[in-house]
Colleague: 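Okay, here's the structure, questions in a sec.
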Amino acid sequence: MSTSDSTPKERYNARLAAKIEAKWQDRWDSQRTFEAPNPAGPLAEPDKIAGRQKLFILDMFPYPSGAGLHVGHPLGYIGTDVFGRFKRMSGFNVLHALGYDSFGLPAEQHAITTGVHPRENTESNIANMRRQLRRLGLAHDARRSVSTTDEGFYRWTQWIFVQVFDSWFDTDLGRARPISELIAEFSSGIRATGGTPWTEMSSRERKQLVNDHRLAYLADAPVNWCPGLGTILANEEVTAEGRSDIGNYPVFKRNMRQWTMRITAYADRLLNDLDRLDWPESIKLMQRNWIGRSEGARVRFASPAGDIEVFTTRPDTLFGATFMVLSPEHPMVDELTTTSQRVAIDSYLSAAARVTDTDRQSDTREKTGEFTGSYAVNPVTGEEIPVWIADYVLMGYGTGAIMAVPSGDERDFAFARKYDLSIIATQMPPDSWFADHGIAPSVDCATWPNAFVGEGTYVNSRNDAGTSAAGALVLDGITEMAVAKRCTNEWLEARGIGEAAITYKLRDWLFSRQRYWGEPFPIVYDHDEMPVAVPDTLLPVALPELSDFKPQALDPNDEITDPIPPLARRADWVHTTMDITDPITGETLSGAKVRREINVMPQWAGSCWYELRYLDPTNDAVFIDPEVERYWMGPKHDGHTGGVDLYVGGVEHAVLHLLYSRFWHKVLFDLGHVSSEEPFHRLYNQGYIQAHAYRDERGQTVPAADVRERDGNYFYDDQPVSREYGKMGKSLKNIVTPDEMYDEFGADTFRLYEMSMGPLDQSRPWNTRDVVGMQRFLQRLWRNLVDEDTGLPTVSDSECPDALLRTLHVSIDGVQRDMDGLRFNTAIAKLIELNNALTKHVDAAGSTPRVVAEPLVQMLSPLCPHLASELWQRLGRSDEITYSPFPIADPNLLVSDTVEIPVQVNGKVRSRLTAPTGSSDDQLTALALSDEKVRIALAGAEPRKIIVVSSRLVNIVA
RNA sequence: GCCCGAGUGGCGAAAUGGCAGACGCGACGGACUCAAAAUCCGUUGCCUGAAAGGGUGUGUGGGUUCGACUCCCACCUCGGGCACCA
């Protein structure tokens, strides 16, 4: 940017913007402008909240990456900031803060390679991110910027874990209750143990029984075990080839004892409460799919190895079940395999074990399977049907076994055709189905090209041989699937063969990691090797110091040896003595010898509840003061879930983070710790900023900033390059940083550009070239209010022309509504229009009327707070614009004396006429018919019909 | 394969049943300048026309309506999610 002599001293450019921005950022800090008062607790200022509505807005918890920010990161932060500032001017008590999700893998990987402690690395990353964000001028309450790695924070993460550990899910009441109440029910005999009576159990057996009911429990679960790295890996850390993302080591599926969260107990509430949330439908749908609730029935088929239980969503097709298929991992496979089939089954099993999960789920793969040699009995027909194994049946869903109904299920159909198994129709498809497939209607499935799924009249579905004998199941003639399902379920239930059942895709949540940089579990193991919560007075369980952060590396192909987490290296920390309380008897065991849990929590833990800590960040007595929680997050009326008023973030967290947080929040609600049933009442997904990237002829990416366009082609160093489009990132060499924008334009221009690019929820390409448009707008606006040479205001208290005043109020009306609806791009367009109108006035009159200047600056201030604050001050205002009331449109100035009405002839606009506001439809009709252009367009034709939309339009149909 | 979402100028976009393309970029023309940058003013969907004007136009094809970017049906393309879930 040139600063030569010809440039006026007080022109609004990057140099002046930098000066103004630093000045106001310092002032906001020192005056603590954005601190939000609480009703109670350490940050209580009850007098300041009186008479104000509250608004809690939240951005998704960022990970403090070492790479720093690019221009895509702050998009959502700017959006929430603009909204928060607008609402603050509208009288709301706005709480807006940003903390750091600072545990996690990258800092640990960095520590492993450099030896720098993850804490040091994390802290310097946070400092850098704070610096970059401060330059943006975000109106955050700095007191509330917590980090998950602070002991004062993770003390409460551990406390919440203990709450989850110390509760169980009462399926009768559909909610969590303290584990002590379960123990009381067992010991008093109100609740049966389902096995050995409580009184006859050993201490260890009692603990095990209770542990099996806890919401946080230890379970053997299949995990991604990577011996080369000495740790288990999250699914997203495993490549499609089944190797580790880092180091390319083999990864094995194996069972390991892990902390697990009983999220499945909440499946129905997590599903049903979605209806009460103000979230994008697409996200609700993703959560619904993830929970995957299926209604159906469990049915037991007799076999030589005992009953085989299956889950089916189509009990109504039971008469068409002509064979069964078990997953290769099913526990009954061995017993069902006959001597003659042993070799074939064993070879199939070993082949199946070698197929990776991704291959197994490939859609092009042909179905394979093997006959066990055994037969089971179809409970409705009494017929013997063969039992097969096949890897298209998954052990992890339902019961790991299915009844195969080839006529009604495409997968079973394909399998039956391949292995020549019988196919019996249980429903007659409609004629249209046969027509679509080009075959004649027939109940003989031999002619069918596919299975039939849909509504059709039931056939071949009675087990009384046509006698109408009492107690028989007769579906024949029924036309509705729901009726047939109900009849079948009732029949099965009456005979104890099966019952209606619901299955979920959702799995319990694997909660431990063999890592260092995470929250230690507040758990020790007692002399019975049973987990016991660390007493509250001993929290936090601080992460012990280590000299080496590497997990123990093993032979990359060693599937057998158990992982040894880094914390195990501190034997002095692991083995300790502690005053613990026996969970069953309640008696205190002083100085008990205990062993600490050496796994750590996953990164999700802190982000599951951080929003609550923003509200009461310095409270040492409780994780959040109940009154503070009720004020900021409590339900607004009967049936309202409560929760954050606006939560903005990317879709990538649609399922995991948002589901885990909802689960923890519901547990806290059940236990009476929070008044809100949901953490995030309104969710808004911001789009992404993407960017073009360029490759040369060798396929190498070249720096996007140095590519030039000529006639629609792109060149780097005069060599043609090809253009592609994707996320900003190092590998595509297309990163643009906020710092570059601050230097070239200033933060206000950058903020304005990001908000003007399009709707907040849409992704759009970054174009540095376009930013100048917003800078020019601010420059023109500045010039309308301030003399570019002297810096003095050019505002006059003289009369404002009526037309300009009307334009102003139309703008106020539109900008107000746009900002309320998060439509910042159109709000900005309206401000530019107003400023363009003002420029014409200033060109003629030489100054801006104060009645226009002040509201214009106020409307701009949520978007460009530094510039607006500066202008406010230069206009002679000594109050803080942040808390000045947002302008209100005068309804009288929104309507003008005349309106322009388009006139259509046969739906095409042929003329426009100016009519007095409030003209009657008849008057408009008369005006239109006498209009010269309309008469020409009609060409003498007689109008057959005239449509008048009052004050909007006239359409003449001839 | 199934389920969502989106397709509008050279580009980002606006209009959600009633004047398509607001606002911004770019491009073109002009002012200022020795010159350039910056800044300012004007033009800018496409076709046709000297102009006035006319025609045409919101992925494609149908439909509903006096009137459709907007609603309905089918298809095409792109993006996202799920994926042998019984």
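What you are looking at is a predicted structure, and each value in this text was computed from that prediction instead of being measured. Proteins get letters first, then strands, A, B, ... in listed order; numbering begins at 1 in each.
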Colleague: Look at the side chain of A:K945 and decide which nucleotide, out of B:G12, B:C66, B:A22, has an atom nearest to it.
Modeller: B:C66

Colleague: Among B:A86, B:U39, B:G12, which nucleotide sits nearest the side chain of A:S294?
Modeller: B:A86

Colleague: Nearest to the side chain of A:I947, heavy atoms from C-beta on, is which of B:C84, B:C23, B:G18?
Modeller: B:G18

Colleague: In Å, rounded to the nearest 0.5 Å, how long is the span from CG of A:D391 to CE of A:M395?
Modeller: 14.0 Å

Colleague: Looking at residues 819-828 of chain A, who's got a heavy atom less than 4.0 Å off RNA chain B?
Modeller: A:N825, A:T826

Colleague: Please report the distance separating the C1' of B:G62 from the corresponding atom of B:C23, rounded so that it comes out in whole Å.
Modeller: 35 Å

Colleague: Write down the distance separating the P atoms in B:U64 and B:C69, rounded off to the nearest Å.
Modeller: 16 Å

Colleague: When rounded to the nearest Å, what value does the distance between P atoms of B:G9 and B:U60 take?
Modeller: 10 Å

Colleague: How does RNA chain B look in dot-bracket form if you count Watson-Crick and G-U pairs under 3.5 Å, write [ ] for pairs that cross, and put | where a base pairs with another strand?
Modeller: (((((((..(((.....[....)))((((((.......))))))((((....))))..(((((..]....))))))))))))....

Colleague: Find the distance A:L658:CG to B:G81:P and express it as a whole number of Å.
Modeller: 15 Å

Colleague: Specify the separation, in whole Å, of atom CG of A:N13 and atom P of B:C40.
Modeller: 13 Å

Colleague: Would you check if the distance from the ring center of A:F745 to the ring center of A:Y753 is below 6.0 Å?
Modeller: no

Colleague: Please tell me if A:R910 has a side-chain N or O lying less than 4.0 Å from either OP1 or OP2 of B:C19.
Modeller: no

Colleague: How many Å lie between CE on A:M395 and P on B:C84, as a whole number?
Modeller: 16 Å

Colleague: Could you state the CG-P distance from A:D316 to B:A86, rounded to the nearest angstrom?
Modeller: 14 Å

Colleague: Would you kindly give the CE-to-P distance between A:M774 and B:U39, to the nearest whole Å?
Modeller: 13 Å

Colleague: Take atom CG of A:N767 and atom P of B:G12, then tell me their distance rounded to the nearest Å.
Modeller: 9 Å

Colleague: When the nearest nucleotide of RNA chain B is assigned to A:S756 and to A:S282 on a heavy-atom basis, which residue is associated with the more 5' position?
Modeller: A:S282

Colleague: May I have the step-by-step check of side-chain hydrogen bond (donor to acceptor under 3.5 Å, both in side chains) for A:T503 and A:Y397, ending in yes or no?
Modeller: CA-CA 8 Å; A:T503 298; A:Y397 185 77; 5.1 Å; no

Colleague: If you only use heavy atoms from C-beta on, which nucleotide in B:C19, B:A86, B:C40 is closest to the side chain of A:T312?
Modeller: B:A86

Colleague: How many Å lie between CD on A:E932 and C1' on B:G53, as a whole number?
Modeller: 15 Å

Colleague: From the list B:C23, B:G42, B:U39, which nucleotide is the closest neighbour of the side chain of A:K840?
Modeller: B:G42

Colleague: The side chain of A:V772 is closest to which nucleotide in this list: B:C25, B:A13, B:A86?
Modeller: B:C25

Colleague: Would you kindly compare A:R780 and A:P759 by the position of their nearest RNA chain B nucleotide and give the one closer to the 5′ end?
Modeller: A:P759

Colleague: Between the side-chain atoms of A:K830 and the base atoms of B:C23, is any donor-acceptor pair under 3.5 Å?
Modeller: no

Colleague: From the options B:G81, B:C4, B:C25, select the nucleotide whose nearest atom is closest to the side chain of A:L285.
Modeller: B:C4

Colleague: Closest heavy-atom contact between A:I689 and A:G72?
Modeller: CB-CA, 3.9 Å

Colleague: Any salt bridge between A:R288 and A:D275, counting N to O under 4.0 Å?
Modeller: yes

Colleague: Determine, step by step, whether A:F452 and A:W433 satisfy the ring-ring contact (aromatic ring centres under 6.0 Å, His included) criterion, reporting the C-alpha distance in whole Å, the side-chain angles of both residues, the deciding distance to 0.1 Å, and the verdict.
Modeller: CA-CA 8 Å; A:F452 168 72; A:W433 185 83; 5.6 Å; yes

Colleague: Using a strict cut-off of less than 4.0 Å between a Lys/Arg side-chain nitrogen and an Asp/Glu carboxylate oxygen, indicate whether A:E932 and A:R910 qualify as a salt bridge.
Modeller: no

